[in-house]
Q: 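Can you keep this structure in mind? I'll have questions shortly.
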Amino acid sequence: MDLRTEQVEILIIGAGPAGAVAAGLLRQQGREVLMLEKEQFPRFSIGESLLPQSMQFIEQAGMLKAVIEAGFQYKNGAAFARDGRHTQFDFRDKFSEGWGTTYQVQRADFDKVLADEAERLGATVRYRHEVLSVDVEGDRPRVTVRSPDGETYAVQARFLLDASGFARILPRMLKLESPSGFPVRGAIFTHVRDNIAPGSAAFDRNKILITVHPRHDHVWYWTIPFSNGRCSLGVVAETAFLDQYTGSETERLRAIVGEDPGLSQLLAGAGWDTPARQIVGYSANVKSLWGKNYALLGNAGEFLDPVFSSGVTIAFKSASLASACLQRVFAGEPVDWEADYGRPLRAGVDTFRCFVDAWYAGGFQKIIFHPNPTPDIRRMICAILAGYAWDTRNPYVAENKRRLAVLEQLCSVS
C-alpha cells in the first residue's frame, strides 16, 4: 500500500537547539520548514552551560528576546578548581570580539523556548513523530514517519537536515558513523537543590565550576548553577573508573563527589532530590557532515566531550552555516558543501578537539592553573573557552596544536 506522502521544502529531524535555530534562520529566508521531533517538549537534556558565542546565533535567528525574558541564570565565565587551587576566566575579558555573557539553562525549558520561537516564526513542529527510515537515493530525500496515533506516512523534501542529537538518525541509518578517537567515557549526573549560601566566596553563580579530581587528571566534575537555587551536578571519567563504584547512580555519584574535599564542602547542605542518570560513549564522529540533499547538524554530526560546554555552540554554528548554504541553493547558486559547510564547521570542532585532548592529557590544566599567566595569552585562551573557536585571528585557533604544546612546555618549567 502506498503511503500518504507530504511535500516540503526543508525537513528538519529534531527540534532541539540546532534544529530550532536552523528553522528560525530558514524562515527568515521564506523557506517552508517542517520539524519532526520524537519526544514531547519539554523534556530533560544535558548540555546546560551555554557559551557566549552561542548568543550571536540566537540573535541571528530572531530568538534573543525570548531567551532573555525566560529568566535563565546569567553566566559570565568559567571557574576551575583542583585540590585547593582555584582560577577563573571572565568571558568579557577575551581576545575575540562578540558576546561575553550568556546563560546557564535547564535544557527542558531552554529547548522549549527555542522550539516555540521556531513555531512563532512560521515553522511547523510535530512532537512525538518518530522517523522510521530515510531514503536519500532519489531526487529528493524521503523520510518514513510514525505519528503518535500510529499512522505511518512519508515526507519528501528538497533538503533534509538531521538535528536529532544523540539519536543520530542519519549517521545510524545511512552508516555514516566512524570511531571518535577518544577513549570511551561516561557521565553520571543529576540536579540538586544546592543550598549554597547567597554570596558564598567559594561559588560564583555567574560561572560554571569545573572541578578536577584531586588524584586523577582525567576525572572531573561539573557544577552548573541555575536561577532557581538548583544546580546541575555531574562527573565525567573513563568507564573503567566509573565501574569501580556500586549501587544506584545517585549512590555512585555521591561517592565520587565525596572524594573531592572542596566540592563536598560546597555541597554539604545539598538536597539530592532527583535520581541520577548515566550516559556512556557519547563521543562520535562521522565520515561526512553532508551528502546528497542532506546535512548533519550539531551532535548528529560530531560530539567531542562536555568539558568545555562546546556542544550547543557547535550545534548553532552548524545551523548557521547550513542555512547560509541553503540560501544560495534556493537562489540557484552553486554550493560546494564540503568547502562551504564541512570544512568550516570542522575547523572550529578541531580547535575544541585540540583543547579537549590537552585537558585529558593534563597539559592544559597546567596552563589554566599557572600562578603567573601572561594576560594577552590568557585572553586568547579565554576566547576559545567562550566558544570563539572559529576566530582564526586568534593564534591559539590558527595554530592551536603548536601554540598549546609550546605553552604547556613553558608552564611545566616555570
Q: So, do Leu326 and Arg31 sit near enough that their side-chain heavy atoms are less than 4.5 Å apart?
A: no

Q: Can you tell me if Thr190 and Thr274 form a side-chain donor-acceptor pair at under 3.5 Å?
A: no

Q: Hey, are the side chains of Ile384 and Tyr396 touching, using non-hydrogen atoms and a 4.5 Å cut-off?
A: yes

Q: Do the two ring centres, one from Phe241 and one from His216, sit under 6.0 Å apart?
A: yes

Q: Parallel, tilted or perpendicular: which one describes the rings of Trp220 and Trp222, with boundaries at 30° and 60°?
A: tilted

Q: Please round to the nearest 0.5 Å and tell me the distance separating atom CG of Leu11 and atom CG of Leu160.
A: 5.5 Å

Q: Going by salt bridge (Lys or Arg N to Asp or Glu O under 4.0 Å), Glu177 matches just one of Arg168, Lys287, Arg172. Which one?
A: Arg168

Q: Mark yes or no: Arg82 above the aromatic ring of Phe369, with NZ or CZ under 6.0 Å from the six-membered ring centre and no more than 45 degrees from the axis.
A: no

Q: Would you check, one step at a time, whether the test side-chain hydrogen bond (donor to acceptor under 3.5 Å, both in side chains) holds for Ser54 with Thr102?
A: CA-CA 8 Å; Ser54 297; Thr102 184; 5.7 Å; no

Q: Where is the tightest heavy-atom contact between Leu385 and Phe91, given as atom of each residue plus distance?
A: O-CZ, 3.5 Å

Q: Thr223 vs Phe203, test: side chain to side chain contact (heavy atoms under 4.5 Å, CB included). Steps then yes/no.
A: CA-CA 10 Å; Thr223 311; Phe203 190 57; 3.9 Å; yes

Q: Is it the case that Gln56 and Trp99 place a side-chain donor and acceptor less than 3.5 Å from each other?
A: no

Q: Does the side chain of Lys38 come within less than 4.5 Å of Tyr127's, by heavy atoms?
A: no

Q: What pairs meet the side chain to side chain donor-acceptor pair (under 3.5 Å) rule with one or both residues in residues 105-119, with sequence neighbours excluded?
A: Arg43-Asp111, Arg107-Asp111, Lys112-Asp116, Glu117-Arg120

Q: So Gln104 and Ile208, do their side chains get closer than 4.5 Å, heavy atoms only?
A: yes

Q: For the residue pair Ile256 and Tyr221, what are the closest heavy atoms and their distance?
A: O-OH, 2.6 Å

Q: About how many Å separate CG of Asp260 and CG of Leu267, when rounded to the nearest 0.5 Å?
A: 9.5 Å

Q: Taking all non-hydrogen atoms of both residues into account, name the closest pair between Asp391 and Val397 and its distance.
A: O-CB, 3.3 Å

Q: For Glu333, I'd like to know if atom CD has over 12 heavy atoms of other residues, nucleotides or ligands within 6.0 Å.
A: yes

Q: Of all heavy-atom pairs between Trp390 and Val349, which one has the smallest distance, and what is that distance?
A: CZ2-N, 4.3 Å

Q: Do you know the tightest heavy-atom contact between Pro171 and Ala300?
A: CG-O, 3.0 Å

Q: State, with a plain yes or no, whether a side-chain heavy atom of Leu266 is found less than 4.5 Å away from one of Ile196.
A: yes

Q: When you look at Asn293 and Arg158, which way does the side chain to side chain contact (heavy atoms under 4.5 Å, CB included) test go after all the steps?
A: CA-CA 7 Å; Asn293 296 322; Arg158 285 191 60 182; over 6 Å; no

Q: Just by distance, no angles: are the side chains of Asn206 and Gln73 close enough, under 3.5 Å, to form a donor-acceptor pair?
A: yes

Q: Look at the side chain of Glu37 and the backbone N and O of Glu39, then say whether any donor-acceptor pair between them is shorter than 3.5 Å.
A: yes

Q: Please tabulate, one pair per line, all N/O donor-acceptor pairs under 3.5 Å involving side-chain atoms of residues 136-143, not counting sequence neighbours.
A:
residue : atom : partner : partner atom : Å
Arg140  : NH1  : Gln7    : OE1          : 3.4
Arg142  : NH1  : Thr5    : OG1          : 3.3
Arg142  : NH2  : Thr5    : OG1          : 3.4

Q: Could you grab the distance from atom CG of Asp340 to atom CG of Leu345, nearest 0.5 Å is fine?
A: 12.5 Å

Q: Check whether any side-chain heavy atom of Gln156 lies under 4.5 Å from a side-chain heavy atom of Val8, and answer yes or no.
A: no

Q: Evaluate the side-chain proximity of Thr152 to Val145: yes if any heavy-atom separation is below 4.5 Å, no if none is.
A: no

Q: With no hydrogens and no angle check, just 3.5 Å: does a side-chain donor-acceptor pair link Ser310 and Arg353?
A: no

Q: Does either side chain, that of Tyr341 or that of Asp336, offer a donor lying less than 3.5 Å from an acceptor on the other one?
A: no

Q: Got a second to check how far Thr124's OG1 is from Met35's CE, nearest 0.5 Å?
A: 10.0 Å

Q: Taking Glu249 for the side chain and Ala276 for the main chain, is one N or O donor matched with an acceptor at less than 3.5 Å?
A: no

Q: So do Leu34 and Ile10 actually touch side chain to side chain, heavy atoms under 4.5 Å?
A: no

Q: Would you find more than 12 non-hydrogen atoms of other residues, nucleotides or ligands less than 6.0 Å from Lys292 atom NZ?
A: yes

Q: Just jot down the ring-ring contact (aromatic ring centres under 6.0 Å, His included) partners of His191, sequence neighbours excluded, or say none.
A: Phe44, Phe226

Q: Where the side chain of Arg27 meets the backbone of Leu121, is there a donor-acceptor pair that is under 3.5 Å apart?
A: yes

Q: Measuring from Ile13:CD1 to Met173:CE, what's the distance to the nearest 0.5 Å?
A: 7.5 Å

Q: Could you walk me through whether Tyr74 and Tyr103 satisfy the ring pair (Phe, Tyr, Trp, His ring centres under 6.0 Å) test, starting with their C-alpha distance in whole Å, then the side-chain angles of each, then the deciding distance to 0.1 Å, before giving a yes or no?
A: CA-CA 5 Å; Tyr74 172 81; Tyr103 297 100; 7.1 Å; no

Q: With a 3.5 Å cut-off and no angle check, do the side chains of Ser96 and Arg379 form a donor-acceptor pair?
A: no

Q: Is a donor from one side chain sitting under 3.5 angstrom from an acceptor on the other, for His218 and Glu238?
A: no

Q: Could you walk me through whether Asp350 and Lys401 pass the salt bridge (charged side-chain N to carboxylate O under 4.0 Å, His left out) check?
A: CA-CA 10 Å; Asp350 287 345; Lys401 289 183 180 179; over 6 Å; no

Q: Side chain of Thr87, backbone of Phe80: donor and acceptor closer than 3.5 Å?
A: no

Q: Compute the ring centroids of Phe308 and Phe364, then answer whether they are less than 6.0 Å apart.
A: yes

Q: Between the main-chain N or O of Glu408 and the side-chain N or O of Ser412, is there a donor-acceptor pair closer than 3.5 Å?
A: yes

Q: Could you tell me which non-hydrogen atom of Ala118 sits nearest to which non-hydrogen atom of Ala23, and how far apart they are?
A: CB-CB, 4.0 Å

Q: Taking Val131's backbone N and O only, do any of them form a donor-acceptor pair with Arg146's side chain (distance below 3.5 Å, no angle check)?
A: no

Q: Taking atom types as modelled and ignoring hydrogens, do the side chains of Ser49 and Lys75 form a donor-acceptor contact shorter than 3.5 angstrom?
A: yes

Q: On the 0 to 90° scale, with breaks at 30° and 60°, tag the Trp337-Phe159 ring pair as parallel, tilted or perpendicular.
A: parallel

Q: Sort out for me which residue in Arg126, Arg4, Arg128 forms a salt bridge (Lys or Arg N to Asp or Glu O under 4.0 Å) with Glu151.
A: Arg4

Q: Without hydrogens or angle criteria, can the side chains of Asp376 and Thr374 be said to hold a donor-acceptor pair below 3.5 Å?
A: no

Q: Would you say Ser323's side chain and Ser320's backbone share a donor-acceptor pair under 3.5 angstrom?
A: no

Q: Hey, does the Lys NZ or Arg CZ of Arg378 hover above the aromatic six-ring of Phe89, less than 6.0 Å from the centre and inside 45° of the axis?
A: yes

Q: Distance from Phe95 atom CZ to Met380 atom CE, nearest 0.5 Å?
A: 5.0 Å

Q: Does Gly14 offer a backbone N or O that forms a donor-acceptor pair with the side chain of Ser164 under 3.5 Å?
A: no

